[in-house]
Amino acid sequence: MPSAPLPPQESLRLETLSALDVLDTPPDPVLDGLVRTAAGLLGCPVSLVTLVDEHRQWFKARHGLDAQQTPRELAFCAHAILQTDLFEVPDARLDARFADNPLVTGDPRVVFYAGVPLSVEGQSMGTLCAIDHRPRQLTDDQRRLLKDLARVAEHWLRTQLVHQQLQRAGSERRELFDQMGDGILLLDRNHQVIEVNRATARMLGHSADDLRRMRLHDLLPAHEHPRLKRAALKVLKGDERLGDWRVLRRDGSSFMAEMSTRAVDQRFVVVMRDISERHAQEQEVRLLSMAVEQSAQSIVITDLEGNIQYVNAATLSSSGYTMEELLGRNPRLLQSGNTPRETYNRMWDRLLSGRPWRGMLFNRRKNGEEYVEDATVTPIRDARGRVTEYMALMLDVTEKRRLMDELEQHQHHLEDLVEQRTVALVAARRAAEAASEAKSAFLATMSHEIRTPMNGVVGSLDLLQRSTLSPYQRDLADTVSESAQALLTIIDDILDFSKIEAGQLKLERAPVALVRLTDSVCDALHPTATANRVELQVDVADGLPDWILSDAGRLRQILNNLLGNAIKFSVGTGRPGQVVLRVQPCGADLPGHLQLSVVDNGIGMAPEALQRIFQPFVQGESATTRRFGGTGLGLSICKRLAGLMGGWVDVESVEGQGSSFTVTLPFEPTLAPRHAVDDSPPVTTQTGPHFAPSGGPLVLVAEDNAINQKVIGHQLALLGVAVEMVSDGLEALTLWRAGHAMQRHALLLTDLHMPGIDGYTLATTIRSEETGDARMPIVALSANALSGEIDRCRAAGMDDYLSKPVQTNALGEMLKRWLPTEDAQTPPSFDPVDCEEVDVMEVELGLCAYDDQALERLVGNDPALLVDFRQRFVISALNTMDEMRRAANRADVVALGDLAHRLKSSARAIGAVSLATCCDRIERADPTCSTTEMHRLTAQMEDALAHVMTSLSGHEGMQRSDAAH
């Protein structure tokens, strides 16, 4: 079976066929209808539109045949495309070219074939053919019909070619459109974006699809919209507009763009170019020009011949000449003749060698007045480094030189003044350093001096509360205990604030169990909340580490303050109080930070109150201070502590609805310490003021304060521990040395500041003398509570630290840590002690209590000044006493309390302790108290005043005054 030869221009034919891009494409309904029509009109069972490529005959449309393609060497169409007209085979079985063709001898049994070549661009792409399974011959009408239908298929193919060409041209134009560096926008009459190129999308940060849904107004700031309307009207009138516009990016930033706009067929074409850099350069040039023009220095630019090309306003003002009089002239116009010739010679030597020159020029103004200018002349170079001009910067220093001459005359005097000032500054610096050291020492002393008596008060109350008391006595003891704790809190706040102000507060950085800490704070405040009918909740979010590096004590202080305030201000609102502590990590915008939020539904605050609540000694409102009390330091300390930790405090509040305080702090996760603190419950003890029996562990206590000795002795006895008490470090060291060999003492409790040797030296000495494994635990008892003291205790070899005032439970916890548990003994119960209500002042001081040194400590030891103060007090006290008698007679409790309050402070200042106490009783008296009670209180006060008068009469200068009264 011979194959059909290739067409003469086969490569061109295949190239054209490829350009059609119709091979292996889905059926087309037009061609499908065409082959059905051809088969019906010719009466043939099969009709095809075929395309012949390099290796196959592919059927673009087919009717009556299932196959999609056949090999080219078997195809009748391979012969048909060599023709220019209809190719007809009446009986393929009789034709030598096809008789043994598998398409003839097998399926699809081609006997009759008639095909018209389909020509595109002068090349035959394939055929429209009809096939029959029996021999036949077409009539002339059928041949014409088949040719006409072929022309339809041929037109379809040519249309496809044109379509592909248009698509390629469009793609090329689009590619060119997108490749342009400037942004291009096509807008309709309503400024709706129709099309944009890639440069526009890249420039604005939007996608092309997003931009097609926008208007030009969306890309311009609001202040540009009125200008846009005016510009659009001018463009529609045929005036092509070019202007600079401020354009918005997607991220909200903006840039300067040069936009050229023209109208085309009722549409707008906008070409946009980013000129931010050029605009910045122009702005820089403008600023530079303004700086040059407004410079206080005279600026002159000349050509290489010295002819003036530019002068600024300062030059005109300094010289007195106009611009027209100077431009084109030589600067020698300004010379006075007093500048040495050598100055000009040196100047031109340097300028001609390309180097700048600086010196003094003596010039003359237009009015003939001479002046001196400090001039700097610099060569100006072009891009290739060639000198093209000279620029002179000149400053009128006439007045400055005159002042310098005067200053030289006073130089020696000035040196004396500087030396005196230096000495004064050195003295001031030393005074400031001494004041800082004194403040630090004062803080330490005040901490110790205040906490030492407070230890006696709180410790004694703690012991008293553990004894058997009547309900009335227990109520009084609880009241005093609450007041003592409140006073201790105030003292701590004041000392903390002072330490922060002095820069003495140092933060610890140790592992903190965050969840455990928040739970313990809330557990401690839960009884207070319950007593005030406030619901206290804790909400700790997931995602927080178990342990963080922080200062547990200061975290606890912040939470105690915020939660305490929230509970306090959630009472009395007419609705159930609710306080929630939320602990959660910050979002992705603030990684490594956590938030501690305290939210309440309390009284809230007005907006103006929020501006001052963090100020020290200030509360939100004066009414709040009167109702709830407080120093006004708590929130200030919280804010400063948060700042020291690297965080901050935010507050939101609505008056009458509640407040929300949020502390944001950085945190660093860490591992749990090897020896975590034991959270076992506190030690419970029996009651009774007795000492433990012998045979138990012996605790050596070094304490120089007699009251504290008594308190700590009772507390240890209450805990079932035997005590050996000493008053100083030397005595403690002697006792320890005596019993060291037999390990007599199980524990040493030592105050840090004692006569002889202090607690630090005592601990260091003991540690240096200990041998083998016989190491005695040492615990510090301190009233300082200053940062760094704990570290100093550890450095001295101490094992633990208790801050005064010491609570019995805290002392019991400490004993559990350091004493053998099997040695502790439980003390037996004891009989209750009868108690009688007595006045503390009368027991401690008596009604005649008078501090003779109080006034001297307050105002100094000037005798005349002391006499004056005491005489004034006597006069004031007697007058006040008269007014109080009248107020008592008319049963005016309010006036009586005000008068007592007025006298109380002056009584304390003069040293009249008992008198001040009587005043305090009257001030605190019940407003409904009886007339008899008022007269009784007034009589007590008169007695106390009489004792004060007696005490004062013993002072020099007071006898005559007393006689006068």
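Residue numbers run from 1 in the order of the sequence given.
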Do other residues, nucleotides or ligands put more than 12 heavy atoms under 6.0 Å from [X] [atom1]?
{"X": "Arg364", "atom1": "CZ", "value": "yes"}
{"X": "Arg358", "atom1": "CZ", "value": "no"}
{"X": "Glu652", "atom1": "CD", "value": "no"}
{"X": "Glu305", "atom1": "CD", "value": "no"}

Measure the shortest side-chain to side-chain distance between [X] and [Y] over non-hydrogen atoms and say whether it is less than 4.5 angstrom.
{"X": "Tyr371", "Y": "Ser319", "answer": "yes"}
{"X": "Arg554", "Y": "Met645", "answer": "yes"}
{"X": "Val270", "Y": "Ile184", "answer": "no"}
{"X": "Glu373", "Y": "Ser318", "answer": "yes"}
{"X": "Leu562", "Y": "Val663", "answer": "yes"}
{"X": "Ser298", "Y": "Leu395", "answer": "no"}
{"X": "Val311", "Y": "Ile299", "answer": "no"}
{"X": "Ser336", "Y": "Asn363", "answer": "no"}

Give every donor-acceptor pair under 3.5 Å between a side-chain atom in residues 216-224 and any protein atom, sequence neighbours left out.
{"from": "Asp218", "atom 1": "OD2", "to": "Arg215", "atom 2": "N", "distance (Å)": "2.9"}
{"from": "Glu224", "atom 1": "OE1", "to": "Arg227", "atom 2": "NH1", "distance (Å)": "3.3"}
{"from": "Glu224", "atom 1": "OE2", "to": "Arg246", "atom 2": "N", "distance (Å)": "3.0"}

Quick one: [atom1] on [X] to [atom2] on [Y], what's the gap to the nearest 0.5 Å?
{"X": "Asn561", "Y": "Lys639", "atom1": "CG", "atom2": "NZ", "value": "14.0 Å"}
{"X": "Trp348", "Y": "Tyr390", "atom1": "CH2", "atom2": "OH", "value": "5.5 Å"}
{"X": "Arg212", "Y": "Leu185", "atom1": "CZ", "atom2": "CG", "value": "11.0 Å"}
{"X": "Leu555", "Y": "Leu665", "atom1": "CG", "atom2": "CG", "value": "6.5 Å"}
{"X": "Ile548", "Y": "Thr670", "atom1": "CD1", "atom2": "OG1", "value": "10.0 Å"}
{"X": "Glu389", "Y": "Asn307", "atom1": "CD", "atom2": "CG", "value": "12.0 Å"}

Leu393 backbone acceptor or donor facing Asp374 side chain under 3.5 Å: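 Absent.
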Whether Thr339 side chain and Phe362 backbone form a donor-acceptor pair below 3.5 Å: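 Looks like yes, one N/O pair under 3.5 Å.
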Pair listing, side-chain hydrogen bond (donor to acceptor under 3.5 Å, both in side chains) test, anchored in residues 376-385, at least two apart: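 The answer is Asp382-Arg386.
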Criterion side-chain hydrogen bond (donor to acceptor under 3.5 Å, both in side chains) on Ser207 and Asp209, from CA distance to verdict: CA-CA 5 Å; Ser207 67; Asp209 290 338; 5.4 Å; no
Between [Y] and [X], do the side chains contain a donor N or O and an acceptor N or O under 3.5 Å apart?
{"X": "Asp274", "Y": "Ser276", "value": "yes"}
{"X": "Asn345", "Y": "Asp349", "value": "no"}
{"X": "Asn338", "Y": "Glu370", "value": "yes"}

Check: residues 586-597 side-chain donor-acceptor pairs under 3.5 Å, at least two apart:
{"from": "His593", "atom 1": "ND1", "to": "Pro591", "atom 2": "O", "distance (Å)": "3.0"}
{"from": "Ser597", "atom 1": "OG", "to": "Thr662", "atom 2": "OG1", "distance (Å)": "3.2"}

Selection residues 313-342 - residue pairs positive for salt bridge (Lys or Arg N to Asp or Glu O under 4.0 Å), sequence neighbours left out: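 Residue pairs passing salt bridge (Lys or Arg N to Asp or Glu O under 4.0 Å), neighbours aside: Glu325-Lys366.
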Partners meeting side chain to side chain donor-acceptor pair (under 3.5 Å) with Asp650 (sequence neighbours left out):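 For Asp650, the residues satisfying side chain to side chain donor-acceptor pair (under 3.5 Å) (neighbours in sequence not counted) are Trp648.
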Test: Arg267 and Asp188 ion pair at under 4.0 Å: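 Looking at Asp188 together with Arg267, the answer is no, because their closest N to O distance does not fall below 4.0 Å.
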Phe268: ring pair (Phe, Tyr, Trp, His ring centres under 6.0 Å) partners, not counting sequence neighbours: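 Phe268: ring pair (Phe, Tyr, Trp, His ring centres under 6.0 Å) contacts with His191.
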